Enquirer: 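Submitted below is the structure of interest, expressed as structure tokens.
The structure displayed is predicted, hence computed values, not measured ones. A note on names: the letters A, B, ... follow the listed sequences, proteins ahead of strands, and every chain is numbered from 1.
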Number of protein chains: 2
Amino acid sequence: MIETNQLRCFIAVAEELHFNRAALRLNMTQPPLSRQIQLLETRIDCKLFIRTSRSVVLTEAGKSFLNDARRILRLLENAQKAAKDISLGRSGILRCGFTAVTANKFLPQLISNMKADIPNSTLDLKEMVSLRQITALDSGDLDVGLLRPLVDPRKYQDRLVSRERLMLAIPAGHPLGAREFARWRDLDGVDFIMYDSVESKYFHDLLTVFLARKHVRPNIVQRLTQIHSMLSLVRAGVGVAVVPESARILDVADVEYREFADQSSPYAELFIVWRETNQNPLIPIVVDIAEALLEQASTQPVQPR
Amino acid sequence: MIETNQLRCFIAVAEELHFNRAALRLNMTQPPLSRQIQLLETRIDCKLFIRTSRSVVLTEAGKSFLNDARRILRLLENAQKAAKDISLGRSGILRCGFTAVTANKFLPQLISNMKADIPNSTLDLKEMVSLRQITALDSGDLDVGLLRPLVDPRKYQDRLVSRERLMLAIPAGHPLGAREFARWRDLDGVDFIMYDSVESKYFHDLLTVFLARKHVRPNIVQRLTQIHSMLSLVRAGVGVAVVPESARILDVADVEYREFADQSSPYAELFIVWRETNQNPLIPIVVDIAEALLEQASTQPVQPR
DNA sequence: TGTTATTGATACAAAAAAGGTATTAATGAT
DNA sequence: ATCATTAATACCTTTTTTGTATCAATAACA
């Protein structure tokens with residue numbers, strides 16, 4: 001069976017294309033190196049180098065194997081480091097799902113706080129819609145998810161980690177900008193850019209329910225998924241939109257924001273969710289960090305740049 | 001440094017959670033297995049198992065390392081297999097130059113036979129004129145070339161892979177279409193579409209030499225490079241042309257073809273060419289396949305669609 | 001509570017593998 | 001034709017791994 005030492009020998013020779021220099025680099029002499037390479041070649045049962053007594057070149061098979069050998073050694077080092085870090089309780093890898101909206105404000109903060117508190121930890125981030133995150137939690141592809149509230153509490157633990165006000169986004173100079181605070185009833189009949197009912201189900205439902213309760217019927221001119229696209233249309237004067245506060249970070253020119261005066265205005269909530277059975281020691285740590293962010297956020301509102 | 005053998009030992013113990021059973025599975029005795037695991041633990045510098053003298057359990061670090069160890073061994077096996085496959089020519093990349101005319105008939109057959117015989121192989125096709133292919137073979141940019149005979153036999157290996165008759169292409173209703181077989185002498189003074197002397201040097205020289213020997217002087221009204229363009233002009237009634245049999249595949253409407261009665265009529269030959277020093281294991285295989293196509297072709301002439 | 005059976009660790013000798021030195025064989029350069 | 005370079009081979013030494021015998025710890029059971 002192939003040993004990693006042979007991989008190291010092979011990589012050295014492949015990089016130097018010279019047995020003597022390679023041996024020097026490996027702190028050994030040339031003959032045993034030659035034999036290690038021969039051994040390797042008999043084990044995988046194919047020539048890796050073409051040697052004339054004057055030069056050494058990689059075969060096609062050798063090139064392929066060089067790639068793989070490098071990758072394998074890299075993986076081995078990572079595995080080693082990961083195991084040690086875990087044993088020191090210091091870190092490890094946390095696979096974390098997130099939804100596109102999260103990326104605006106919450107995620108950057110989470111990442112930087114994670115780095116500060118647990119320097120050796122790795123957040124393995126994967127963007128996926130809330131529902132997909134749930135299945136990934138089940139299959140073990142994710143350790144935690146950052147998603148909108150739609151979770152079956154029997155199987156999952158969750159904590160609220162972000163709670164943002166919704167704001168009115170209007171093009172500069174729009175009549176609704178005259179007031180310092182927006183009023184919901186003013187949206188009645190106004191050209192309005194709405195969330196897609198499938199792709200952005202959470203925001204769609206949130207707004208639809210709230211508008212219906214307020215008996216306000218804006219004139220929906222477009223349905224979109226990406227908040228960024230919505231703001232572009234707002235800027236173009238297609239209509240107004242209601243977006244979470246963190247959308248300000250996108251910093252779209254010529255778009256202004258107004259808070260709603262009405263204190264009953266809905267919040268967009270974000271939860272961190274994980275399976276109770278998942279033993280990853282980073283989970284309680286990241287949950288703490290994420291919860292701490294909620295408190296920070298409530299005292300320090302988003303400012304436009 | 002960690003050796004793959006230690007990974008195998010570790011996986012066995014992690015799966016059996018029992019040193020004796022694991023040792024049995026590894027065809028060894030328990031004491032050396034214990035020491036291998038200890039060695040592994042000192043090398044990655046963390047405990048992988050919690051052993052009471054009665055039971056063995058994985059630590060968190062051990063669980064992480066088990067995942068990685070399995071993945072690494074799997075990768076190693078795949079790497080081994082991939083390298084061997086390439087060396088056997090069961091997979092890999094063959095960079096193959098071809099001339100535009102080749103693409104009509106020969107190349108599609110070659111590609112489909114390659115796919116059938118060596119499913120994992122990739123033909124990396126690059127269209128270039130014969131001369132350019134030669135320089136590309138020298139520089140190592142190509143493994144094989146499909147080109148017209150103009151090769152210095154000292155540096156290259158070559159094999160004939162295609163041999164086609166030239167045919168007369170005429171617009172429907174042209175007087176020369178009256179006969180079932182064309183005669184070269186009938187071309188004397190006839191409006192004729194000729195090959196470009198530079199870009200289509202091979203066909204140009206072939207025809208020029210042959211016509212001169214027959215003392216036939218057609219009236220050359222146009223010089224072109226692309227056979228397809230020539231046939232378009234034939235169709236438009238600009239003149240007649242002499243094209244390789246495989247041009248029929250282009251299936252230009254209102255153009256008819258006549259074989260030459262004269263058995264001495266020239267052939268258009270195609271060779272597969274490679275450098276003897278090129279070790280790509282796919283070369284002998286593709287050469288075989290290409291040669292086999294010649295035999296097929298000689299018994300099965302091109303039919304118009 | 002004492003005995004036994006089970007199980008991983010340790011000690012030491014034997015075997016295998018890897019490494020080192022000296023030399024050979026092949027070949028490009030002079 | 002000779003020399004220099006370079007990978008392979010032969011042979012010996014050192015290191016590593018393995019196996020046998022045994023120990024130490026402990027759970028099971030009488």
Enquirer: CZ of B:Phe49 versus C1' of C:dT7: gap in Å, rounded?
Expert: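 For the pair B:Phe49 CZ and C:dT7 C1', the rounded distance is 15 Å.
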
Enquirer: Starting from P on D:dA27, measure out to NE2 on B:His18 and report it in whole angstrom.
Expert: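 After rounding, the gap between these two atoms is 14 Å.
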
Enquirer: Applying ring-ring contact (aromatic ring centres under 6.0 Å, His included), can you list everything that pairs with B:Phe19, at least two apart in sequence or on another chain?
Expert: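 In terms of ring-ring contact (aromatic ring centres under 6.0 Å, His included), with neighbours along the sequence ignored, B:Phe19 is linked to no residue.
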
Enquirer: Step through it carefully: locate the ring centre of A:Phe49, locate the ring centre of A:Phe10, and say whether they are under 6.0 Å apart.
Expert: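 Centroid separation for A:Phe49 and A:Phe10: below 6.0 Å.
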
Enquirer: D:dT6 P sits how many Å from A:Arg21 CZ, rounded?
Expert: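 These atoms are roughly 7 Å apart.
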
Enquirer: Rounded to the nearest angstrom, tell me the gap between atom CD1 in B:Ile37 and atom C1' in C:dT7.
Expert: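 To the nearest whole Å, that distance equals 15 Å.
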
Enquirer: Is the shortest distance from a Lys or Arg side-chain nitrogen in A:Arg95 or A:Asp124 to a carboxylate oxygen in the other one below 4.0 Å?
Expert: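 Looking at A:Arg95 and A:Asp124, the cut-off is not met.
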
Enquirer: For B:Phe10 and C:dG8, give me the distance from atom CZ to atom C1', rounded to whole Å.
Expert: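 So the two atoms are 17 Å apart, to the nearest Å.
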
Enquirer: So does A:Ser34 get a side-chain nitrogen or oxygen closer than 4.0 Å to the phosphate oxygens (OP1/OP2) of D:dA7?
Expert: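 For A:Ser34, the contact criterion (side-chain N or O under 4.0 Å from OP1 or OP2 of D:dA7) is not met.
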
Enquirer: Protein within reach of the bases, or only the backbone? For nucleotides 15-26 of chain C, mark each nucleotide 5' to 3' as B, S or -, using heavy atoms under 4.0 Å.
Expert: ---SBBBB---B

Enquirer: Rounding to a whole Å, what distance do you find between B:Asn20:CG and C:dA9:P?
Expert: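 Roughly 11 Å, once rounded to whole Å.
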
Enquirer: In whole angstrom, give the distance that lies between atom CG of B:Leu24 and atom P of C:dT7.
Expert: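 Checked: the CG to P distance equals 12 Å.
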
Enquirer: Mind checking what makes ring-ring contact (aromatic ring centres under 6.0 Å, His included) contact with A:Phe271, not counting sequence neighbours?
Expert: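 A:Phe271 satisfies ring-ring contact (aromatic ring centres under 6.0 Å, His included) with no other residue.
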
Enquirer: Taking atom types as modelled, find out whether B:Tyr156 and B:Asp138 have a side-chain donor-acceptor pair closer than 3.5 angstrom.
Expert: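 Distance-only check passes for B:Tyr156 and B:Asp138.
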
Enquirer: Can you check the B:Phe19 CZ to D:dT18 C1' distance for me, whole Å?
Expert: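 In whole Å, D:dT18 C1' and B:Phe19 CZ are 16 Å from each other.
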
Enquirer: Take a 6.0 Å sphere around CZ of A:Arg43 and say whether it holds more than 12 heavy atoms from other residues, nucleotides or ligands.
Expert: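 Counting neighbours around CZ of A:Arg43, more than 12 heavy atoms of other residues, nucleotides or ligands fall under 6.0 Å, so yes.
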
